Protein chains: 2
Amino acid sequence: MDSITDAAERLLQTTGSFTMPKLAKSLGVTASSLYNHISGREEIIELMRGRLLAQFPIEETTPGDWQDLVLSMLRLMRRAYCSVPALGPLLFTQTITHPAVISMYDRMATQFSEAGFADEELIPLISMLDSFAFGAALDHDAPHDVWEFPVAHDAEPSPLQRAIADNDPATRAERSFEYGCRLLIDGMRLQRER
Amino acid sequence: MDSITDAAERLLQTTGSFTMPKLAKSLGVTASSLYNHISGREEIIELMRGRLLAQFPIEETTPGDWQDLVLSMLRLMRRAYCSVPALGPLLFTQTITHPAVISMYDRMATQFSEAGFADEELIPLISMLDSFAFGAALDHDAPHDVWEFPVAHDAEPSPLQRAIADNDPATRAERSFEYGCRLLIDGMRLQRER
DNA sequence: ACCTGAACACCGTTCAAGT
DNA sequence: ACCTGAACACCGTTCAAGT
């Protein structure tokens with residue numbers, strides 16, 4: 001059913017997780033009745049992923065602008081990895097055979113090559129971008145408080161403690177990811193100019 | 001207790017997961033009896049984290065050289081995450097409370113701050129480095145053939161296909177990681193100069 | 001066709017009771 | 001001091017029974 005996927009997405013967005021009983025309750029129904037419409041929890045996750053990827057087609061980049069391509073690819077990959085947290089590690093440690101995904105990587109490589117990156121850089125470059133997108137995806141599921149300092153009310157706060165105090169936990173992962181994207185693209189630009 | 005951490009690590013290495021009942025059973029004891037020695041599941045994970053990082057002492061870095069610190073930190077974090085593959089996702093999704101680990105992050109923040117990075121950049125910066133190190137660690141366990149092209153012997157090979165043909169699978173992850181480190185540090189240098 | 005309620009096999013954790 | 005066994009509040013999933 002489509003409304004189940006809706007409810008699951010809503011639940012994930014509000015509470016950060018979803019369980020079958022809670023999902024059923026939000027639909028005014030019993031957990032067991034969900035199984036009349038879907039095969040199980042995993043199918044719901046798959047449905048959400050499908051919806052997510054359909055939402056973000058990869059065609060939206062400026063032709064010839066490799067920096068634009070990197071940014072949208074990183075965002076796309078992160079979203080994909082985010083959508084199925086438990087499946088992420090599996091995707092990441094399995095040979096990619098899906099033609100559409102292959103052609104996505106191929107397109108990146110081609111554009112990098114045309115932009116002037118050396119052939120022997122292509123694989124390190126793409127692997128590296130992939131690693132970052134994947135790490136950032138898991139970072140998205142990190143707890144709000146990444147660091148918890150031992151209580152010590154005598155000493156003055158360290159730079160990290162001050163930064164934590166000023167930090168908005170709700171947007172930390174997102175900002176860190178975007179910051180990282182910019183840094184990587186800057187680094188790539190520098191590298192391209194030898 | 002120390003033997004609990006041992007058993008948990010052993011369980012993770014063999015089965016890829018650990019639960020309190022199974023952990024207890026592997027020690028010939030009941031799940032509830034574990035709570036005489038540790039406060040709960042999270043503490044066991046924290047103990048494993050501490051042990052993991054103690055195993056990989058921080059390299060001697062040149063004092064004041066933030067670029068040197070970034071490089072050795074990235075290498076340290078990656079090796080730590082690599083050492084027990086199944087542990088990575090657990091560590092990454094739990095609040096860090098271990099004092100030694102906290103102080104490691106604190107040291108990075110302090111040095112970045114002294115190097116001239118803005119306070120509001122510290123958390124994105126550190127999160128981003130962490131994401132990359134973690135992603136690179138999981139990339140290390142990726143299959144030798146990351147991409148598998150559909151067979152098509154008529155068309156000429158794409159840049160990615162040529163790059164794959166010239167690629168040494170045994171060192172791909174390592175080279176990609178080092179390449180990424182350089183790119184990130186370059187990006188950081190550019191960012192520091194506004 | 002769709003829902004319910006009970007049941008099953010799991011979790012992590014608590015606590016009174018034993019030794 | 002340490003362990004046990006029962007209990008609690010959760011999971012995801014199955015299935016006979018109802019409408």
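Predicted model only: the values in this text are computed from it and were never measured.
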Asks: Evaluate whether atom CD of Glu42(A) has more than 12 neighbouring non-hydrogen atoms of other residues, nucleotides or ligands under 6.0 angstrom away.
Replies: no
Asks: Which dot-bracket string describes DNA chain C (Watson-Crick N1-N3 plus N6-O4 or O6-N4, or G-U N1-O2 and O6-N3, all under 3.5 Å; [ ] crossing; | other strand)?
Replies: ||.|||||...|||||.||
Asks: Output the rounded distance in Å from CD1 (Ile45(B)) to P (dC11(C)).
Replies: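 In whole Å, dC11(C) P and Ile45(B) CD1 are 15 Å from each other.
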Asks: Over 60° means perpendicular and under 30° means parallel, so tell me whether Tyr81(B) and Phe134(B) are parallel, tilted or perpendicular.
Replies: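 Tyr81(B) vs Phe134(B) ring planes: perpendicular.
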Asks: Can you sort out the partners of Phe149(B) under ring pair (Phe, Tyr, Trp, His ring centres under 6.0 Å), two or more places apart, ordered by chain and number?
Replies: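 Phe149(B) satisfies ring pair (Phe, Tyr, Trp, His ring centres under 6.0 Å) with no other residue.
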Asks: Rounded to whole angstroms, how far apart are CD1 on Ile4(A) and C1' on dC2(C)?
Replies: 12 Å
Asks: Dump the pairs, protein N or O against N or O of nucleotides 12-19 of chain D, anything under 3.5 Å, distances to one decimal.
Replies:
| residue | atom | partner | partner atom | Å |
| --- | --- | --- | --- | --- |
| dG12(D) | OP1 | Met20(A) | N | 3.3 |
| dG12(D) | OP1 | Arg41(A) | NE | 3.1 |
| dG12(D) | OP2 | Met20(A) | N | 2.7 |
| dT13(D) | OP2 | Tyr35(A) | OH | 2.6 |
| dT13(D) | OP2 | Arg41(A) | N | 2.9 |
| dT13(D) | O5' | Tyr35(A) | OH | 3.1 |

Asks: Quick one: does Leu71(A)'s side chain get under 4.5 Å of Ile185(A)'s, heavy atoms only?
Replies: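 In short, these two side chains touch, coming nearer than 4.5 Å.
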Asks: Would you mind reading off the distance between Lys25(B) atom NZ and dT4(D) atom P, rounded to a whole angstrom?
Replies: 13 Å
Asks: Could you tell me whether Arg172(A) and Asp145(A) have a side-chain N and a carboxylate O separated by less than 4.0 Å?
Replies: no
Asks: Can you find a heavy atom in the side chain of Met73(B) that is under 4.5 Å from one in the side chain of Trp66(B)?
Replies: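 No; the side chains remain at least 4.5 Å from each other.
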Asks: Please check if any side-chain donor atom of Asn167(B) sits under 3.5 Å from a side-chain acceptor atom of Arg175(B), or the reverse.
Replies: yes
Asks: From dT4(D), dC3(C), dC3(D), pick the nucleotide closest to the side chain of His37(B)?
Replies: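 Minimum distance to the His37(B) side chain belongs to dC3(D).
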Asks: To the nearest Å, give me how far apart CG (Asn36(A)) and C1' (dC2(C)) are.
Replies: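 Going from CG in Asn36(A) over to C1' in dC2(C) covers 5 Å.
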Asks: Does Arg78(A) count as lying over the ring of Phe132(A), i.e. NZ or CZ under 6.0 Å from the six-ring centre, within 45 degrees of the axis?
Replies: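 No cation-pi geometry.
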